[in-house]
Amino acid sequence: MNRPPETAPRPTAQPRRLHLGIHIPNSAVSAGTWESQGHGPDTEHYIGIAKAAEGAVLDAVFLTDLPTPAKDAGRGPGDGPEPTVVLAAMAAETRRIGLVATASTTGNEPYDIARRFATLDLLSGGRSGWHMVTAAAAGSGPDAARDGEFVAAVRTLWNSWEEGALVGDRGARLFVDTGRIHPARFHGEHFAVEGPLNTPRSPQGEPVRVRAAASPDGWKRAAAHAEVVVTAARSLEEAHASYAGIRSRAAALGRDPDAVVVLPGLRTVIGNTESEARARRAPLNERAPGRPTVSGTAEQVTDTLETWFRSGAADGFTLTPDVLPDGLHVLTEHVVPELRRRGLFRSEYDGCTLREHLGLPVPVPPRPMGSAAR
């Protein structure tokens with residue numbers, strides 16, 4: 001597949017279309033509705049979610065991680081398998097849907113993260129994304145300098161292989177062009193990585209970098225490092241504030257704000273009537289009060305998504321159905337078709353990689369190699 005130059009901007013000729021991702025809790029079962037599931041999640045449960053999302057031509061599934069048991073695990077699901085392993089199983093059963101996993105910069109090392117997501121990207125044909133979080137559930141508080149250095153080290157490793165380094169020329173008996181593989185030589189205050197990575201360059205240049213941001217401090221970090229930002233706006237006004245805050249901070253840092261996709265995270269509760277939706281929402285509010293939620297009939301939920309999108313408060317959404325997989329099926333069978341009818345969502349994939357789904361450019365590799373070197 002021919003890729004655009006690394007400095008190419010996002011396409012502007014196409015009409016603006018919203019992006020949709022599905023957030024899967026780390027246990028793949030909503031904490032407020034686990035009693036209705038009948039059993040715990042298994043491989044088929046996860047794969048079924050991915051297939052349903054792909055069938056609806058959604059951009060990606062977002063699988064979160066909680067590396068330590070939840071404080072109230074006795075009352076509901078709080079455990080879950082390691083997300084990149086689950087996404088590898090999903091990758092084997094899907095062809096287009098993006099695959100985003102959470103991994104902390106606190107409980108891992110840059111080389112491990114770089115290799116893990118590079119491998120997932122190769123297995124999936126360029127569909128992986130790294131949701132960057134700073135601290136584990138019981139870990140230390142965030143440190144911006146350490147966090148930024150971790151991300152820079154990972155990106156340096158991802159770019160230690162140039163495009164075309166993997167040759168595979170049997171006639172010339174040349175498997176790898178070693179002249180296109182470079183040591184990372186990343187030496188910073190917190191991390192030192194010589195490299196290079198032992199995994200070829202990503203089919204999409206680099207896995208997509210994702211970050212959640214719920215405050216001005218989070219907006220600043222997201223603007224510095226993320227290509228996709230999941231916000232926690234509870235109203236249209238908050239969504240406008242976070243959208244503008246992230247884009248302005250990205251521009252101030254010299255980044256193209258159009259190369260940052262903002263996807264507010266919303267829990268969806270959909271009923272045949274408003275009263276039915278309220279009844280479905282009640283047990284969720286008991287377990288997770290105040291979480292940003294959109295509820296009502298499918299048409300009412302679609303109205304809310306359209307208003308936020310058309311008013312410039314979002315580029316799309318990361319949606320958490322109240323129940324999986326049933327809540328996802330309601331979205332794909334009722335909300336998504338209505339979004340298409342209104343000209344807001346695509347009917348088929350335009351590309352194969354997660355970057356292509358999101359309209360993101362192939363990033364410019366950090367230069368010089370090991371930019372934090374002293």
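Hydrogens, waters and symmetry mates are skipped; everything else that's a heavy atom, side chains included, is used. Keep in mind that this is a model prediction, so the values were computed, not measured.
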Inset, instruction - For the residue pair Leu358 and Val228, establish whether any side-chain heavy-atom pair is separated by less than 4.5 Å. - result: yes
Inset, instruction - Side-chain contact test, heavy atoms from C-beta onward, threshold under 4.5 Å: evaluate it for Glu194 versus His187 and give yes or no. - result: yes
Inset, instruction - Check Gly98 against Leu354 and note the closest heavy-atom contact, atom names and distance. - result: CA-CD1, 3.9 Å
Inset, instruction - Please name the pair of heavy atoms, one in Pro292 and one in Gly265, separated by the smallest distance, quoted to 0.1 Å. - result: CB-O, 3.6 Å
Legend entry - Pair His131 + Phe62: ring centers closer than 6.0 Å: no
Inset, instruction - Go through Thr84 and Phe117 one step at a time and tell me if the side-chain contact (heavy atoms from CB on, under 4.5 Å) criterion holds. - result: CA-CA 8 Å; Thr84 57; Phe117 283 89; 3.8 Å; yes
Inset, instruction - Say whether Asp59 and His19, considering side chains only, have a donor N or O and an acceptor N or O under 3.5 Å apart. - result: yes
Inset, instruction - State whether the side chain of Asn108 and the backbone N or O of Ser104 hold a donor-acceptor pair below 3.5 Å, judged by distance alone. - result: yes
Inset, instruction - To the nearest 0.5 Å, tell me how far Asp303 CG sits from Thr297 OG1. - result: 7.5 Å
Inset, instruction - Would you check if Val193 and Leu157 make a side-chain contact, meaning some heavy-atom pair closer than 4.5 Å? - result: yes
Inset, instruction - Without swapping roles, check the side chain of Thr293 against the backbone of Arg291 for a donor-acceptor pair under 3.5 Å. - result: yes
Inset, instruction - Test salt bridge (charged side-chain N to carboxylate O under 4.0 Å, His left out) on Arg342 and Glu306 and set out the steps. - result: CA-CA 9 Å; Arg342 301 182 190 190; Glu306 180 178 16; 2.6 Å; yes
Legend entry - Check: Ile181 main-chain N/O paired with Ser160 side-chain donor or acceptor under 3.5 Å: no
Legend entry - From Arg247 atom CZ to Tyr243 atom OH, the distance as rounded to the nearest 0.5 Å: 4.0 Å
Legend entry - Note: Arg180-Asp177 ion pair, threshold 4.0 Å (strictly below): yes
Inset, instruction - Could you tell me whether Glu82 and Arg116 have a side-chain N and a carboxylate O separated by less than 4.0 Å? - result: yes
Inset, instruction - Of all the heavy-atom pairs spanning Leu166 and Pro200, show the shortest one and how long it is. - result: CD2-CG, 4.1 Å
Legend entry - Row check, Phe191 ring normal vs Arg146 NZ/CZ: under 6.0 Å, within 45°: no
Legend entry - Side-chain heavy atoms of Val208 within contact of Val261, under 4.5 Å: no
Inset, instruction - Supply the atom-to-atom distance Leu305 CG to Arg310 CZ, rounded to the nearest 0.5 angstrom. - result: 12.0 Å
Legend entry - Donor-acceptor contact present, side-chain Arg127 to main-chain Ile97, <3.5 Å: yes
Inset, instruction - Establish whether Phe309 and Val301 are linked, either directly or via other cluster members, by ILVMFWY side-chain heavy-atom contacts under 4.5 Å. - result: yes
Inset, instruction - Evaluate the criterion salt bridge (charged side-chain N to carboxylate O under 4.0 Å, His left out) for residue pair Asp147 and Arg211; output intermediate values, then yes/no. - result: CA-CA 12 Å; Asp147 189 37; Arg211 186 179 286 280; 2.7 Å; yes
Legend entry - Hphob cluster co-occupancy, Val61 + Val336, side-chain heavy atoms under 4.5 angstrom: yes
Inset, instruction - Would you kindly say whether Thr273 and Arg278 are connected by a side-chain donor-acceptor distance under 3.5 Å? - result: no
Legend entry - Same cluster (ILVMFWY, side-chain, under 4.5 Å), Leu331 and Leu63: yes
Inset, instruction - List the atom of Pro325, the atom of His45, and the distance in Å for their closest heavy-atom pair. - result: CD-CE1, 3.9 Å
Legend entry - Verdict with reasoning, Phe317 to Val294, per side-chain contact (heavy atoms from CB on, under 4.5 Å): CA-CA 11 Å; Phe317 303 90; Val294 56; over 6 Å; no
Legend entry - Steps toward salt bridge (charged side-chain N to carboxylate O under 4.0 Å, His left out) verdict (Asp322, Arg267): CA-CA 7 Å; Asp322 57 347; Arg267 182 172 60 188; over 6 Å; no
Inset, instruction - Enter the distance from Leu120:CG to Arg115:CZ here, rounded to the nearest 0.5 Å. - result: 13.5 Å
Legend entry - Co-membership, hydrophobic cluster, residues Ile47 and Leu328, 4.5 Å side-chain: no
Legend entry - SB check Asp121 Arg355 (cutoff 4.0 Å): no
Legend entry - Expected output: side-chain Arg340 to main-chain Arg346 donor-acceptor under 3.5 Å: yes
Inset, instruction - Quick one: closest heavy-atom pair of Ala223 and Arg249, and the distance? - result: CB-CB, 3.6 Å
Legend entry - Audit row: Thr302, Leu339, side-chain contact (heavy atoms from CB on, under 4.5 Å) steps and yes/no: CA-CA 7 Å; Thr302 306; Leu339 288 170; 3.7 Å; yes
Inset, instruction - For Trp219 and Ala214, indicate whether the former's side chain and the latter's backbone hold a donor-acceptor pair under 3.5 Å. - result: no
Inset, instruction - Supply the atom-to-atom distance Ser124 OG to Arg96 CZ, rounded to the nearest 0.5 angstrom. - result: 12.5 Å
Inset, instruction - Would you confirm whether Tyr349, through its side chain, and Leu58, through its main-chain N or O, come within 3.5 Å as a donor-acceptor pair? - result: yes
Inset, instruction - Please report the closest heavy-atom contact between Arg255 and Ala259, naming both atoms and the distance. - result: NH2-O, 4.2 Å
Inset, instruction - Supply the atom-to-atom distance Glu54 CD to Glu93 CD, rounded to the nearest 0.5 angstrom. - result: 10.5 Å
Inset, instruction - Determine whether Val260 and Ile246 make a side-chain contact, defined as any pair of heavy atoms from C-beta on separated by less than 4.5 Å. - result: yes
Legend entry - Any Thr105 side-chain heavy atom under 4.5 Å of Val133 side chain: no
Legend entry - Pairwise side-chain contact, Ser202 with Trp158, heavy-atom cut-off 4.5 Å (strictly under): no
Legend entry - Short side-chain to backbone donor-acceptor contact, Glu274 and Gly296, under 3.5 Å: no
Inset, instruction - State, with a plain yes or no, whether a side-chain heavy atom of Ile113 is found less than 4.5 Å away from one of Met132. - result: no
Legend entry - With Arg209 via salt bridge (charged side-chain N to carboxylate O under 4.0 Å, His left out) - residues at least two apart: Glu206, Glu227
Inset, instruction - Decide whether Leu266 and Leu236 are clustered together by the hydrophobic rule: side chain heavy atoms of Ile, Leu, Val, Met, Phe, Trp, Tyr closer than 4.5 Å, transitively. - result: yes
Inset, instruction - Report yes or no: does Glu163 contribute a side-chain atom to a donor-acceptor pair with the main-chain N or O of Arg201 at less than 3.5 Å? - result: no
Inset, instruction - Give a yes or no on whether the backbone of His334 and the side-chain of Glu299 come within a donor-acceptor separation of less than 3.5 Å. - result: no
Legend entry - Verdict with supporting geometry, Leu122 and Thr199, side-chain contact (heavy atoms from CB on, under 4.5 Å): CA-CA 9 Å; Leu122 290 172; Thr199 308; 3.1 Å; yes
Legend entry - Passing candidate, side chain to side chain donor-acceptor pair (under 3.5 Å) with Ser295, options Arg281, Glu276, Gln300, Arg280: Arg281
Legend entry - With sequence neighbours excluded, residues passing ring pair (Phe, Tyr, Trp, His ring centres under 6.0 Å) with Phe175: none
Inset, instruction - Output yes when Glu338 and Arg341 qualify as a salt bridge under the 4.0 Å nitrogen-oxygen rule, no when they do not. - result: yes
Inset, instruction - Tell me yes or no: between the side chains of Asp65 and Thr102, is some donor less than 3.5 Å from an acceptor? - result: no
Legend entry - For Leu253, the rest of its hydrophobic cluster, which grows through side-chain links under 4.5 angstrom: none
